[in-house]
Protein chains: 2
Amino acid sequence: MGPSSPKSTITDVARHAGVSLSTVSRVMNGNPTVDPVMAERVRSAASELGYTANPLARSLVLGRTQTIAVVVPDLGNPTFQAILRGLSRAAAADGYHVLIADSVEDDAEEAVLAVETRRRTDGLILCAPRMPEHRLETLLADVAPVVLVNRAPRAGTPAVAADYRSALREIIEHLHGLGHRRFAYLSGSPRSASNAARLAALEDARAAHRDTAIVELDGGVDFDAGAAALDAVLETGATAVLGFNDLVAMGLLSAAGERGIRVPEDLSIAGFDDIPFARFTSPPLTTAAVPAAELGARAWAAMHELLEGRDPEPLQTFTPEIVLRGSTGAPAS
Amino acid sequence: MGPSSPKSTITDVARHAGVSLSTVSRVMNGNPTVDPVMAERVRSAASELGYTANPLARSLVLGRTQTIAVVVPDLGNPTFQAILRGLSRAAAADGYHVLIADSVEDDAEEAVLAVETRRRTDGLILCAPRMPEHRLETLLADVAPVVLVNRAPRAGTPAVAADYRSALREIIEHLHGLGHRRFAYLSGSPRSASNAARLAALEDARAAHRDTAIVELDGGVDFDAGAAALDAVLETGATAVLGFNDLVAMGLLSAAGERGIRVPEDLSIAGFDDIPFARFTSPPLTTAAVPAAELGARAWAAMHELLEGRDPEPLQTFTPEIVLRGSTGAPAS
DNA sequence: CTGTTAGCGCGTTCAC
DNA sequence: GTGAACGCGCTAACAG
């Protein structure tokens, strides 16, 4: 049992140093109103016993846990993984811990997890919540302080988000410039705000180009969903496909390859997110680079402001950069 | 403010129901020795106030937090992401929460995080700890209950691990069968136990095949490290390369492609882990499928046993399945 | 400057 | 069956 054995309590240290509890507490918390020699005596007693204040007890009395909760819809999604990574590292740099919860794309579970994890922490970061608007609205009041990632903010709830609408708009514009006039869009989680933003981009494009048709197809959020959508895509006669995200686009790309469909000659395919492996598909995937880790870091920064009693910006927006790669090109005909 | 507002305490409920604190506590914990009508009165008061017992206070008095800590070397590594996902979902299914810490491949920070997160939780799961053996040894005593993932276990510390040695051995065997006699191995984190296991596999292969040479090259753990290793690899004259993991192999594969080196004709490349995107490189990557999510789930299962006072198996081993894809083939000459 | 006291919110003996 | 009292380990008022 090393000196870091965490079994000793503040009482042990007090007795060992021949002082009162308060004095130990003062020393451990760097309170300067303590006699230097006495302080030293306490310190050596503490280190001899390997004493560290029990975080639980401190949390109870101080009313803060130095921990925040993060709820994500899917820990298997590269974008949420990147958000979590950026968030976790930023929080750690400020001495905070992270309690993680994965709702597995279940929007009922999402609210439960939010409340439950929030109670054990000082604040909550909700990533791309799938729950309906009214549910979210009532939830937010109960879990403050809370920061939203990739979902429209409302009064009192700061948010950080990528501008999916502009970015998708840019992708479409580029493809239109290449000559595409018939598009298919593979929609993702219907309840996600970013899907709504993408749909708005489609509307923008339709309004800007009366010669252009965009067919919306029900899709999913993962690789298999994209692969399964191939037949539906072909039926639309589209020359270019916009995937909900890179995973979906990669699934479609893969299925197209197996079917002998040439990309981009027969079909242009664009993804969204620029996950780490988007550049390794064949052909490499055109996509929009969402700075996920940065999003996570900013979400923490906003939460940190809230925790310190300051006012963070209500909304921080990042416009993803379009990354043109080999999966898109001019239509063959 | 909805009914789930978590501001009320057990005292509020007691007053509201006209009973004592103890009675409320009994009702909330399902203690049957309470008059049914009184219990009902308490329950309605509780739901009216949106009361839920403060988890912190419960943790302090009960001595358990319903939370476990997980320390990983790198949240950006797909394998650890998968372990975390499997772990988190398994723990959630048993009503436990997960506190996550990312050591960012810093083995000094690793020990600090382990102790620090352990104190706020009921147990610790250490994933592929990079710290030296003696440091780990003394740490383990201080953080029990603890479960190791992908590092050799010792008395009193259960572990779950993939058998890297056998799997790499199999890959080499396969390549040797194809005619390869000169190999390069791109080593990863020198402190990781799985790197040691891989080196043992190289020894096995050398002993089994006196006609075979395997050159060890210092590499890293990520894509860029693999790409940077190309020149060194070419200098060895190897016809086949064994990457520390898929990331490294993919980096090399990509660099080779840009240099006009044909894979597998000029160079066979094998990875390790079978991360989700290994099948999407061009050519698709030969690798060994480490069941990472399963590893995580089993790690939780072992921890759960520990928490319930039972004895989990000291070591659960999984042998990764070899997945042969297009990045390996017979040497050209 | 230091020790004593009173909670933080809850579970749990222990008497009634 | 029920309530009063104690303690989990700690911090912060309050006296001295």
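Here is the naming used below: chain letters follow the sequence lines, and residue numbers restart at 1 for every chain. What you see below is based on every heavy atom in this structure, not just the backbone, and it leaves out hydrogens, waters and symmetry mates.
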Query raised in the report: So which pairs with a foot in residues 105-118 of chain B pass salt bridge (charged side-chain N to carboxylate O under 4.0 Å, His left out), sequence neighbours left out?
Result: B:E105-B:R130
Query raised in the report: Quick one: salt bridge (charged side-chain N to carboxylate O under 4.0 Å, His left out) partners of A:E133, sequence neighbours excluded?
Result: A:R151, A:R154
Requested in this report: Sequence neighbours left out, what passes salt bridge (charged side-chain N to carboxylate O under 4.0 Å, His left out) with A:D74? Give chain and number order.
Outcome: B:R89
Nearest whole Å is fine: how far is [N] [atom2] from [X] [atom1]?
| X | N | atom1 | atom2 | result |
| --- | --- | --- | --- | --- |
| A:D35 | C:dT2 | CG | P | 5 Å |
| A:I10 | C:dT4 | CD1 | P | 14 Å |
| B:R15 | C:dG9 | CZ | P | 12 Å |
| A:L62 | C:dG7 | CG | P | 17 Å |
| B:L60 | C:dT12 | CG | C1' | 14 Å |
| A:L56 | C:dC10 | CG | P | 14 Å |

Report summary line: Of C:dT2, C:dG11, C:dG9, the nucleotide closest to the side chain of B:T9 is C:dG9
Report task. With side-chain hydrogen bond (donor to acceptor under 3.5 Å, both in side chains) as the test, would you mind laying out the steps for B:R85 and A:N77 before giving the verdict? Result -> CA-CA 10 Å; B:R85 174 168 43 89; A:N77 185 316; over 6 Å; no
Report task. For the pair B:V115 and B:D142, evaluate side-chain contact (heavy atoms from CB on, under 4.5 Å) and give the outcome as yes or no after the intermediate values. Result -> CA-CA 8 Å; B:V115 186; B:D142 294 339; 5.8 Å; no
Requested in this report: Determine, step by step, whether A:L295 and A:V290 satisfy the side-chain contact (heavy atoms from CB on, under 4.5 Å) criterion, reporting the C-alpha distance in whole Å, the side-chain angles of both residues, the deciding distance to 0.1 Å, and the verdict.
Outcome: CA-CA 8 Å; A:L295 235 48; A:V290 174; 4.3 Å; yes
Query - 5' precedence on DNA chain D between B:A57 and A:R58 (nearest-nucleotide basis) - result: B:A57
Requested in this report: Tell me what B:V34 touches on the nucleic acid: a base, only sugar-phosphate, or nothing, going by heavy atoms under 4.0 Å.
Outcome: sugar-phosphate
**Report entry** Segment of DNA chain D, first to last nucleotide, that comes within the 4.0 Å heavy-atom reach of chain A
**Finding:** D:dG9 to D:dA13
Report task. Using atom types as modelled and distance alone, determine if a side-chain donor or acceptor of A:T121 lies under 3.5 Å from a backbone N or O of A:G123. Result -> yes
Query raised in the report: Where along residues 17-29 of chain B does a heavy atom fall under 4.0 Å from DNA chain D?
Result: B:V19, B:S20, B:S22, B:T23, B:R26
**Report entry** Pair A:V71-A:I125, side-chain contact (heavy atoms from CB on, under 4.5 Å): steps then yes or no
**Finding:** CA-CA 6 Å; A:V71 177; A:I125 296 184; over 6 Å; no
Report task. Using the side-chain hydrogen bond (donor to acceptor under 3.5 Å, both in side chains) rule, take A:D122 and A:T65 through it: C-alpha gap first, then chi angles, then the decisive distance, then the call. Result -> CA-CA 6 Å; A:D122 300 338; A:T65 62; 2.9 Å; yes
Query - Chi angles and distances behind the side-chain contact (heavy atoms from CB on, under 4.5 Å) call for B:Y51, B:D12 - result: CA-CA 9 Å; B:Y51 171 76; B:D12 300 331; over 6 Å; no
Query - For DNA chain C, stems built from three or more consecutive Watson-Crick or G-U wobble pairs below 3.5 Å - result: C:1-3 with D:14-16, C:5-16 with D:1-12
Query raised in the report: For A:R120 and B:N54, does a side-chain donor sit closer than 3.5 Å to a side-chain acceptor?
Result: no
